[in-house]
There are 2 protein chains.
Amino acid sequence: MDTGDRLVGVIGGMGPDATIDFMSRVLARTPADKDQDHIRMLVEHNPRIPSRQLAMRGEGESPGPVLAEMAVRLEAAGADFIVMPCNAAHAWQDDIVAAINIPFVSIIDASVSKALQVGPDNGAVGVLTTPACFAAGLYQESISNAHREAVLQTNAELAEAIALIDRIKAGDKSEPVAAGLCELAGQLVSRGATTLIAACTELPLVLKSSMFEVPFVSSTDVLAEKTVALAMSDQVLPSQ
Amino acid sequence: MDTGDRLVGVIGGMGPDATIDFMSRVLARTPADKDQDHIRMLVEHNPRIPSRQLAMRGEGESPGPVLAEMAVRLEAAGADFIVMPCNAAHAWQDDIVAAINIPFVSIIDASVSKALQVGPDNGAVGVLTTPACFAAGLYQESISNAHREAVLQTNAELAEAIALIDRIKAGDKSEPVAAGLCELAGQLVSRGATTLIAACTELPLVLKSSMFEVPFVSSTDVLAEKTVALAMSDQVLPSQ
């Protein structure tokens, strides 16, 4: 492997629009004057992966086996490390990691680490997410490991969030959808969050940092930033 | 293979922005209410493919072998057919087709066929493209096979076009770039073109049909439309 020429394996399609947004952000964050300056990605864009929300509610097939198979195929095709621009799917991260011998770069850890960096010292971190990602407890665990307080959604707020996110998935990125999600984020701020994490890759399709008074961390953008840094460097990749 | 569940193999990264635009247009053209309604794509996003422009001028390595290897990997990974959202790279289509046993869907044929459909009967077809794609003669041949007249760029216009396209590849999608390309397209219309083909996938990143008085065919969009139709149908795939 040449320095700065790592192949990024992308478990994509959750949702399709979010994967494309992730790729765009990788491009935007790559210093490039011509095609050949950009990084190589192998993207398995598979929107048919079973619903993370249904699986977490016990109402549908687990996406774990499909995600692991995708990771194995990406490794076999030469990927140097794997990323997955979908927060909720990280509930099945253990299935993926157990199946591969290359590093898996977590969107959760990258997002929490960025939130600690950009937010005020010791401030509470607000997590705007989906019921499946919430139920998996991934952000709660990562924030607690960092000895910070997490400000979380109520069940009613989670239900409102997924209803709006499902509209984004159906192609509706209108102002009312953005306003609804913005209001849910505002609830977290009113309960003490001094930083916000958009802990679902659909959210940055309608939410922008300029909409908030506190630092706003797009999990998609943070993963893109980390992906570019790892792909272009010769630093040792993180182990699991 | 289930009906309507074909895996699309995408030879991507030429340029990276154009590949992402192609994927967005595939999404936009897929009738979908949820993730699982979208089609599956395996995208080898490899911007490191040798420059098509340099190779065609005899000043750089041929991209043919790399393109063929990518197609072989996509077939091995289960792709049912291959598309390549880059017009100039079709100069090496024979290398690709010789290496695989699945269909390769040409952006050239799809674009010419759409131009004949949307343009006036027997009208001349203007081709706005790059020096490499021009030198390969792909559009000239396809339009001539359809017994239509092609309106082509002069050498000076081709040089202006690639200079502007290189700016797009460097991230400059500003109004002056669009205006310059629009003017070059206007030259083709003034010389008799009654339909225009944007025969480079960078062009639709700055040009829109509303800018022209004659029908404007985006090769990216046409390939996306054909990709969705083939991926979602159970019709027999075209043979080579």
Side-chain angles (χ1 to χ4, degrees), chain A residues 2 4-5 7-10 12-28 30-54 60-61 63 70 73-74 76-79 86 89 165-172 202, chain B residues 2 4-5 7-10 12-28 30-54 60 63 69-70 73-74 76-79 86 89 165-172 202:
Chain A
D2 292 329
D5 192 23
L7 176 63
V8 183
V10 182
M14 301 177 287
D17 210 352
T19 295
I20 291 173
D21 184 40
F22 168 75
M23 293 174 72
S24 301
R25 287 166 195 254
V26 165
L27 246 67
T30 308
D33 289 327
K34 58 182 190 303
D35 289 1
Q36 288 76 15
D37 298 332
H38 283 279
I39 67 175
R40 296 181 303 132
M41 294 186 268
L42 185 60
V43 184
E44 188 166 337
H45 187 264
N46 179 8
R48 307 287 170 97
I49 297 168
S51 160
R52 286 65 65 197
Q53 303 300 324
L54 290 181
E61 192 187 341
M70 289 169 74
R73 273 196 295 273
L74 292 169
C86 171
I165 287 167
D166 280 345
R167 284 172 65 180
I168 301 175
K169 282 181 181 282
D172 178 2
E202 308 292 326
Chain B
D2 294 328
D5 192 22
L7 176 63
V8 183
V10 182
M14 301 177 288
D17 211 353
T19 295
I20 291 175
D21 185 39
F22 168 75
M23 293 173 72
S24 300
R25 286 166 196 256
V26 164
L27 245 66
T30 309
D33 289 325
K34 59 182 188 305
D35 289 359
Q36 289 74 17
D37 297 333
H38 283 279
I39 66 174
R40 294 181 305 133
M41 295 187 267
L42 185 59
V43 185
E44 188 165 337
H45 187 264
N46 179 10
R48 308 286 171 96
I49 297 168
S51 160
R52 286 65 67 198
Q53 303 299 325
L54 290 180
E69 281 165 29
M70 288 169 75
R73 272 197 294 273
L74 292 169
C86 172
I165 287 166
D166 279 344
R167 284 172 64 180
I168 301 175
K169 282 182 181 281
D172 179 1
E202 308 292 326

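From a predicted model like this one, the values you see are computed outputs, not experimental measurements.
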| Which atoms of A:Asp17 come close to chain B, meaning under 4.5 Å heavy atom to heavy atom: side chain ones, backbone ones, both, or neither? | both
| field | Largest heavy-atom contact set with chain B, pairs under 4.5 Å, which of A:Pro16, A:Ala76, A:Gly15 | value | A:Pro16
| request: Work out which heavy atom in A:Ile20 is nearest to a heavy atom in B:Ser24; give both atom names and the distance. | output: CG2-OG, 3.4 Å
| Which answer fits B:Leu42, side chain, backbone, both or neither, if we ask what part of it has an atom under 4.5 Å from a heavy atom of chain A? | both
| remark: Under 4.5 Å to a heavy atom of chain A? For B:Ser51 that would be both
| Any Lys/Arg nitrogen of A:Asp166 or B:Lys34 sitting under 4.0 Å from an Asp/Glu carboxylate oxygen of the other? | no
| query | Is any NZ, NE, NH1 or NH2 atom of the basic residue among A:Asp37 and B:Lys169 found under 4.0 Å from an Asp or Glu carboxylate oxygen of the other? | reply | no
| Does any non-hydrogen side-chain atom of A:Arg40 lie less than 4.5 Å from one of B:Pro47? | yes
| task | For residues A:His45 and B:His38, determine if any side-chain heavy atom of one lies less than 4.5 Å from a side-chain heavy atom of the other. | result | no
| note | Scored by heavy-atom pairs under 4.5 Å with chain A, the best of B:Glu44, B:Met14, B:Arg73, B:Gln36 is B:Gln36
| query | Most heavy-atom pairs under 4.5 angstrom with chain A, which of B:Asn46, B:Leu27, B:Asp21? | reply | B:Leu27
| request: List the steps, then state whether salt bridge (charged side-chain N to carboxylate O under 4.0 Å, His left out) holds for A:Asp33 with B:Arg167. | output: CA-CA 8 Å; A:Asp33 289 327; B:Arg167 284 172 64 180; over 6 Å; no
